[in-house]
Structures are given as structure tokens and as C-alpha cells.
Engineer: 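Okay, handing you the structure first.
Throughout, residue positions are numbered sequentially from 1 according to the sequence presented. Everything quoted here is computed from the prediction, not taken from an experiment.
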Amino acid sequence: MKKKLKAVIPICFVFPALLLLGFFVFYPLVENFINSLYNFSNFSPERTYVGLENIKKIFADSTVSVALLNNLRYALVSVVLQVFIALILAAVLEQRFMHKTASFYRIVYFMPVMISISVVALLFSFIYNPQMGILNSFLKAVGLGDLARPWLGRSDTAIYAVIAMSQWQSIGYIMLLFIVAIQKIPGDLYEAAQIDGANKIRTFFSVTVPQVKEAIFVNTLITIIGSMLVFSEPFILTKGGGPGISSITIAVHMYEEGFVKDNMGYASALAALIFVITAVVSLIQVIVSKTGKE
């Protein structure tokens, strides 16, 4: 009886988590794939079975290719800035000479994370303003007035303006995750590197980076998945991916198809596309990096 009770107790602890995952994650996921096989309106009970027509429509939709390219740009820039730059910032803040002021800088870097995305978008809309924005005014003040332009009003700069805003807001969060990982590194390793005559840069690449490879994996994964799901930044800052569709992302396109055009079947297909891409990218990253075991 006691042996059976010992076997049941762990299941009792795990079951509530599995129940929540099943209800809020796996059931909606399966339901979304089923919905992608139908054409239906959000306000009508009628559903028309179309099979894989919505999937085929994705390959013929020119907006999808533009959106995917923007998501790819978002991911590449985010990995460079939010992962590698955040790692460097974290390593610098954990140096001995920074111990007295490190807490202050952590707060400064993390403050943008706590600000509402709507407030951040409003702030950057003033910064990017072509007439009285801080960015153009600064460029003119330092003699680079030729570079001033309507950043959100041009199709070739709008997406990069949105990406820049996101990096400013998110880099502090990734930095703190790296700080936690660096603080777990045994001090003996740094002392051994110092005895061997390694300078700060060599110590960073030979000690810090190998010891935080799991954190690099997790943060890169978080960043790439976040880049594929990005919605609020382009939707608020460029009014839904403008000018035209130059700064649109897959998530914004999905929203417009589902809630603006009321084409819920195709929106479900786009949601399925986002899931497949993020799952494949995550699997490839696990295989290539040979990490993530912990």
C-alpha cells in the first residue's frame, strides 16, 4: 500500500501542471490546426471545410514573404544586440571595479523592460518625428543632417526603426539573465585564469562564455521565438506595419486577417505557420548548439 502511495504522490503533484498545459496550450494548439482547415467568420456559426486551401494560400500571399523577411531581420538584429551585447554588458557589470555602481546600472538597463509597450511606442514616435524629433535634431546638430529622414514614413527604414525600439526595451532583461548565470561561475576559475596571465578579454572568451553556454542557448531561443511572435511594436508604432506593408510581421498579418478582415480560417493557418517555424528553429538550434540538456 505504501509503495502504491509513493508512486501516486508524484503524479498528484504533476497532474495540475499537466492539466493547465493541456487546457491552455495543447488544446488551443490542436484546435487552431483544425480551424485552419475551415473558412469561417468570427461572428457566424457557419464553417466551410476547405482542407489545405488556407495552407496553399500562404504560399501565394506576397504579404507573407514580406512579413517573414521582416521577422528574419528582427531575429538577426535581436540575437546580435539582445544576446551578445547583453552578455558583454553583464560581464562588465560583474567586474570587481563595478561592484559599487553595478546595482545602479542594473536598474538603469532594466527600467525600459518595466515600461508599457504603448508608452515606449509613444516615446519613440516623438524621437523619430521628422520635424522636431530628437534623432533628426541630433543628426543636424553634429553635422549629419543629410542622414535625417522620416524614419517611420519610409518603407526602407520603418522596420529598422521598430527593431531599434525593441532592442532598447528588451536588452536589459536578457542582461539580467546573463548576470545570474555569471554569478554562478566558481571564482576559482577566474583566479586560475589570472594566475595563468590571461587578460580580461581572454578570460571572457575562455572562462565566462563556456560557463554560460546554457544561458546563451536559452536567451538565444527566447530572442528568436520572441522575434517570430513580435506584434505590439510594429502594430503600435507603424499603425499596423506601414507604410504599406513594409514593416508588417507575421503576427500583425495574422491579426489583420482574423480581426480586421474577419477571415479566421486563414488567420489560423498563419498561426500554424508561426508555430511550425518556431518549433523547427528551436529544434535546429538544439541540434546545432549541442546544448540545452540542463
Engineer: Would you say Gln183 has more than 12 foreign heavy atoms packed within less than 6.0 Å of its CD?
Structural biologist: yes

Engineer: Passes side-chain hydrogen bond (donor to acceptor under 3.5 Å, both in side chains), Ser78 versus Thr223? Steps please.
Structural biologist: CA-CA 7 Å; Ser78 296; Thr223 302; over 6 Å; no

Engineer: Apart from Leu19 itself, what residues make up its hydrophobic cluster when side-chain heavy atoms of I, L, V, M, F, W and Y under 4.5 Å apart count as a link, directly or indirectly?
Structural biologist: Phe15

Engineer: Tell me whether Met114 at atom CE has more than 12 heavy atoms from other residues, nucleotides or ligands lying less than 6.0 Å away.
Structural biologist: yes

Engineer: Test of understanding: clusters of I, L, V, M, F, W, Y form through side-chain heavy atoms closer than 4.5 Å, transitively. Do Phe13 and Leu20 belong to the same one?
Structural biologist: no

Engineer: Does one hydrophobic cluster hold both Met98 and Leu87, with members joined at side-chain heavy-atom distances below 4.5 Å?
Structural biologist: yes

Engineer: Are Met111 and Ile179 linked, directly or through intermediate hydrophobic residues, by side-chain heavy-atom contacts shorter than 4.5 Å (ILVMFWY only)?
Structural biologist: yes

Engineer: Can you name the salt bridge (Lys or Arg N to Asp or Glu O under 4.0 Å) partners of Arg154, sequence neighbours left out?
Structural biologist: Asp156

Engineer: Does any non-hydrogen side-chain atom of Leu37 lie less than 4.5 Å from one of Arg47?
Structural biologist: no

Engineer: Is the distance between the ring centroids of Trp151 and Tyr160 under 6.0 Å?
Structural biologist: no

Engineer: Check the surroundings of atom OH in Tyr173: do more than 12 heavy atoms from other residues, nucleotides or ligands lie under 6.0 Å from it?
Structural biologist: no

Engineer: When rounded to the nearest 0.5 angstrom, what distance separates CG in Leu144 from CG in Asn136?
Structural biologist: 11.5 Å

Engineer: Which heavy atom of Ile245 sits nearest to which heavy atom of Val66, and what is that distance?
Structural biologist: O-CG1, 3.4 Å

Engineer: If you take all heavy atoms of Glu94 and His99, which pair is closest and at what distance?
Structural biologist: O-NE2, 3.7 Å

Engineer: Specify the closest pair of heavy atoms between Val79 and Val83, including all atoms of both residues, with the distance to one decimal.
Structural biologist: O-CB, 3.1 Å

Engineer: Just verifying a value: how many Å separate Gln95 CD and Thr203 OG1, rounded to the nearest 0.5 Å?
Structural biologist: 8.5 Å

Engineer: Drop me the distance from Leu139's CG to Leu147's CG, to the nearest 0.5 angstrom.
Structural biologist: 6.0 Å

Engineer: Check whether more than 12 heavy atoms from other residues, nucleotides or ligands sit under 6.0 Å from atom CD1 of Ile201, and answer yes or no.
Structural biologist: no

Engineer: Should Arg149 and Thr157 be marked as a side-chain contact (heavy atoms from CB on, under 4.5 Å) after you check the CA-CA gap, both sets of side-chain angles, and the distance that decides it?
Structural biologist: CA-CA 9 Å; Arg149 62 200 63 198; Thr157 58; 4.0 Å; yes

Engineer: Quick one: does any side-chain atom of Ser246 pair with a main-chain N or O of Pro243 as donor and acceptor, under 3.5 Å?
Structural biologist: yes

Engineer: Should Leu270 and His253 count as side-chain neighbours, where that means a heavy-atom distance under 4.5 Å?
Structural biologist: yes

Engineer: What verdict does the salt bridge (Lys or Arg N to Asp or Glu O under 4.0 Å) test give for Lys184 and Glu214, after you've listed the backbone C-alpha separation in whole Å, the side-chain angles of each residue and the deciding distance to 0.1 Å?
Structural biologist: CA-CA 12 Å; Lys184 293 180 180 179; Glu214 290 292 337; over 6 Å; no

Engineer: Relative to each other, are the rings of Phe275 and Phe33 parallel, tilted or perpendicular (30° and 60° limits)?
Structural biologist: perpendicular

Engineer: With sequence neighbours excluded, tell me which residues meet side chain to side chain contact (heavy atoms under 4.5 Å, CB included) with Ile195.
Structural biologist: none

Engineer: Looking only at side-chain N and O atoms, does Asn199 offer a donor or acceptor that is under 3.5 Å from a partner on Arg202?
Structural biologist: no

Engineer: Looking only at atom types and distance, does a side-chain atom of Tyr128 sit under 3.5 Å from a main-chain N or O of Ala161, one as donor and one as acceptor?
Structural biologist: yes

Engineer: If you look at every heavy atom in Glu233 and Ser166, which pair is closest and at what distance?
Structural biologist: OE2-OG, 3.6 Å

Engineer: Please check this pair: side chain of Gln169 against backbone of Met165, looking for a donor-acceptor N/O pair closer than 3.5 Å.
Structural biologist: no

Engineer: Within the 4.5 Å heavy-atom criterion, are Leu152 and Leu237 side-chain neighbours or not?
Structural biologist: yes

Engineer: Taking everything shown except Gln194 itself, do over 12 heavy atoms lie less than 6.0 Å from its CD?
Structural biologist: no

Engineer: Please list, one pair per line, the donor and acceptor atoms closer than 3.5 Å that link side chains of residues 21-31 to other protein atoms, with sequence neighbours excluded.
Structural biologist:
none

Engineer: Applying side chain to side chain donor-acceptor pair (under 3.5 Å), which residue pairs with at least one partner in residues 270-284 are found, sequence neighbours left out?
Structural biologist: none

Engineer: Report yes if some heavy atom in the side chain of Leu177 is under 4.5 Å from a heavy atom in the side chain of Val218; otherwise report no.
Structural biologist: no

Engineer: More than 12 non-hydrogen atoms from neighbouring residues, nucleotides or ligands closer than 6.0 Å to CZ on Phe97, yes or no?
Structural biologist: yes

Engineer: Can you name the nearest heavy-atom pair linking Ala86 to Gln82, along with the distance?
Structural biologist: CB-O, 2.9 Å

Engineer: Evaluate side-chain contact (heavy atoms from CB on, under 4.5 Å) for Ser227 paired with Asn71, printing each intermediate quantity in order.
Structural biologist: CA-CA 6 Å; Ser227 299; Asn71 281 109; 5.6 Å; no

Engineer: Could you tell me the separation between the OH atom of Tyr109 and the CG atom of Leu93, rounded to the nearest 0.5 Å?
Structural biologist: 6.5 Å

Engineer: Going only through I, L, V, M, F, W and Y residues with side-chain contacts under 4.5 Å, is there a path from Ile85 to Val77?
Structural biologist: yes

Engineer: Applying ring pair (Phe, Tyr, Trp, His ring centres under 6.0 Å), can you list everything that pairs with Tyr49, at least two apart in sequence or on another chain?
Structural biologist: Tyr38

Engineer: Under 3.5 Å, is there a donor-acceptor pair between the Thr249 and Asn70 side chains?
Structural biologist: no

Engineer: Start with the C-alpha gap between Ile284 and Val280, add the side-chain angles, then the distance that decides, and say whether side-chain contact (heavy atoms from CB on, under 4.5 Å) holds.
Structural biologist: CA-CA 6 Å; Ile284 292 174; Val280 170; 3.7 Å; yes

Engineer: A side-chain contact here means heavy atoms from C-beta on lying under 4.5 Å apart; do Phe178 and Ile216 qualify?
Structural biologist: yes

Engineer: Distance from Tyr74 atom OH to Ile250 atom CD1, nearest 0.5 Å?
Structural biologist: 14.5 Å

Engineer: State whether the side chain of Ser36 and the backbone N or O of Ala269 hold a donor-acceptor pair below 3.5 Å, judged by distance alone.
Structural biologist: no

Engineer: What distance do Asn32 atom CG and Ile274 atom CD1 have between them, rounded to the nearest 0.5 Å?
Structural biologist: 9.5 Å

Engineer: For Ser268 and Asn54, what are the C-alpha separation, side-chain angles and deciding distance, and is it a side-chain contact (heavy atoms from CB on, under 4.5 Å)?
Structural biologist: CA-CA 9 Å; Ser268 299; Asn54 285 325; over 6 Å; no

Engineer: Going by heavy atoms in the side chains, are Met254 and Val252 under 4.5 Å from each other?
Structural biologist: no

Engineer: Is it the case that more than 12 heavy atoms not belonging to Tyr190 sit under 6.0 Å from its OH atom?
Structural biologist: yes

Engineer: Please say which of Thr48, Asn35, Val50 ends up in a side chain to side chain contact (heavy atoms under 4.5 Å, CB included) with Phe40.
Structural biologist: Asn35

Engineer: Could you check whether any side-chain heavy atom of Ser118 comes within less than 4.5 Å of a side-chain heavy atom of Ile236, counting everything from C-beta outward?
Structural biologist: yes

Engineer: Less than 4.5 Å apart, any side-chain heavy atom of Val209 and any of Lys213?
Structural biologist: no

Engineer: How are the rings of Phe231 and Phe235 set relative to one another: parallel (under 30°), tilted (30 to 60°) or perpendicular (over 60°)?
Structural biologist: parallel

Engineer: Without hydrogens or angle criteria, can the side chains of Asn39 and Tyr266 be said to hold a donor-acceptor pair below 3.5 Å?
Structural biologist: no

Engineer: Do other residues, nucleotides or ligands put more than 12 heavy atoms under 6.0 Å from Phe110 CZ?
Structural biologist: yes

Engineer: For Gln131, does its backbone N or O pair with a side-chain atom of Asn129 as donor and acceptor, under 3.5 Å?
Structural biologist: yes

Engineer: Are Ile58 and Leu72 linked, directly or through other ILVMFWY residues, by side chains that come within less than 4.5 angstrom of each other?
Structural biologist: no

